[in-house]
Each structure stands twice: as structure tokens, then as C-alpha cells.
Amino acid sequence: MARQRKKLLLVDGYNVLRSGSRYRVAPGEDCTDDTFNAAREMLVNDVASYAGRDWRAVIVFDGARNEFSTGEATCVGGVRIVFSPAGQSADKVIEKLAHDARERQVETLVVTSDATIQDTVFGGGVDRMSADGFSREMASYEEEARLDEAPKVSEKRTVASRIDPDTLAKLKALRDGL
């Protein structure tokens with residue numbers, strides 16, 4: 001039996017953090033700020049939850065202006081985190097990963113609100129989702145999980161409700177006959 005190929009989820013990290021309603025990081029906000037780091041951590045957790053076992057997930061952050069960025073990937077919670085190498089934009093990394101996936105005929109979803117990336121990668125098995133669409137999807141996913149974990153009120157059952165109807169009728173007739 002042939003092994004089914006996993007799908008690929010590519011996320012434009014900073015674009016989602018700045019454009020997605022769930023994360024809303026201010027455009028000029030310092031990337032080392034605690035609020036920014038908390039939003040980035042939330043994104044990684046959301047992507048890990050969303051991807052599950054069905055998707056291989058990669059979040060690409062822009063490291064073009066960081067002279068120390070090598071483009072090496074790290075793995076957090078099953079999600080590959082990539083900072084683009086110095087001098088190269090995250091857009092180019094995402095476009096290359098999407099192109100390579102298309103060549104290998106791997107179903108791919110790119111999450112970004114960057115119109116240029118959307119236009120460049122769309123088609124041939126590569127689909128797209130906006131940053132805000134992903135944010136809404138994650139909020140909905142979280143709400144469903146929260147509701148699933150809500151305590152359930154058990155139904156109060158009586159002996160009469162557990163007895164088959166014929167036996168119950170005979171017992172009632174017996175009781176009424178006494």
C-alpha cells in the first residue's frame with residue numbers, strides 16, 4: 001500500500017503576526033519585545049495544533065536584515081521554524097519552498113496576506129489563505145477545543161429508564177395489580 005504524502009503548510013510568520021486579527025503586532029514593534037515574543041509563540045502553537053499529523057508545517061520569518069541569520073531551520077513542537085538567510089527575504093524562501101513542493105506534487109497551503117506571494121505561488125496544487133483567515137480559523141479551532149473540554153452534565157438515569165419497555169410494562173402491571 002502506497003504511503004500517502006503529507007501536505008505542506010507554509011506560513012509567512014511576520015506577515016501573519018502583523019496582519020492576522022488574532023495576533024496583531026504593531027508594524028514598528030520591536031521583535032525582541034515580550035508582547036511580540038508572546039504573539040510569535042502563540043503562532044507557533046497554533047500552527048502546531050492546526051498542522052497535527054496531516055501537514056508538515058514550516059513558518060518562515062524574515063531574517064534578511066540580520067547579518068547573523070543563516071537560514072537554518074529549527075524544530076519546535078513539530079513545526080520547522082526558518083529565519084531567511086541574511087540578505088534574502090522571507091518571501092523568496094516561501095516562494096522557493098512552494099515551487100519545490102509543486103514540483104514534487106505535494107499539496108501545499110501558503111498562509112500570507114502578501115499579494116505578491118499569493119500571486120506567485122498560487123496554482124498547481126498550491127493554495128493560499130489570508131493571514132486574517134488563518135487567525136479566524138485558529139480562533140474557531142480554539143473555541144471548539146474549549147467547548148470539547150467543558151464539563152458535561154450527565155443524564156440522570158433511573159432504574160425504569162434502563163429496563164426494556166416490555167419488562168417495565170409487566171412490572172407496572174404487577175404493581176397496579178397489588
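Here Asp166 does not pair with Lys170 in a salt bridge; the nearest charged N to carboxylate O distance is not below 4.0 Å.
Among pairs with a residue in residues 131-140, those fulfilling salt bridge (charged side-chain N to carboxylate O under 4.0 Å, His left out) read Asp132-Arg136, at least two apart in sequence or across chains. Within the structure, ring-ring contact (aromatic ring centres under 6.0 Å, His included) pairs that include any residue of residues 59-95 comprise Tyr14-Phe61, Phe61-Phe83 (at least two apart or interchain). Applying the salt bridge (charged side-chain N to carboxylate O under 4.0 Å, His left out) definition to pairs two or more places apart or across chains, those involving residues 41-51 are Arg22-Asp46.
Between Tyr50 and Tyr141, the ring-plane angle classifies as perpendicular under the 30° and 60° cut-offs.
Taking a 6.0 Å sphere around CZ of Arg80, one finds it holds 12 or fewer heavy atoms contributed by other residues, nucleotides or ligands.
Closest of all the heavy-atom pairs between Gln88 and Val93 is OE1-CG2, 3.9 Å. The two atoms that bring Gly63 and Ser84 nearest to each other are N-OG, 2.8 Å, heavy atoms only.
Counting only heavy atoms from C-beta outward, the side chains of Thr108 and Val110 approach each other to under 4.5 Å. Val58 has its side chain out of reach of Leu9: every pair of non-hydrogen atoms, C-beta onward, lies at least 4.5 Å apart.
Atom CG of Asp127 is separated from atom CG of Leu10 by 12.0 Å, given to the nearest 0.5 angstrom. In this structure, CD in Glu95 is found 7.0 Å from OG in Ser89, a value given to the nearest 0.5 Å. With rounding to the nearest 0.5 Å, the separation of CD1 in Ile81 from CZ in Arg40 is 9.5 Å.
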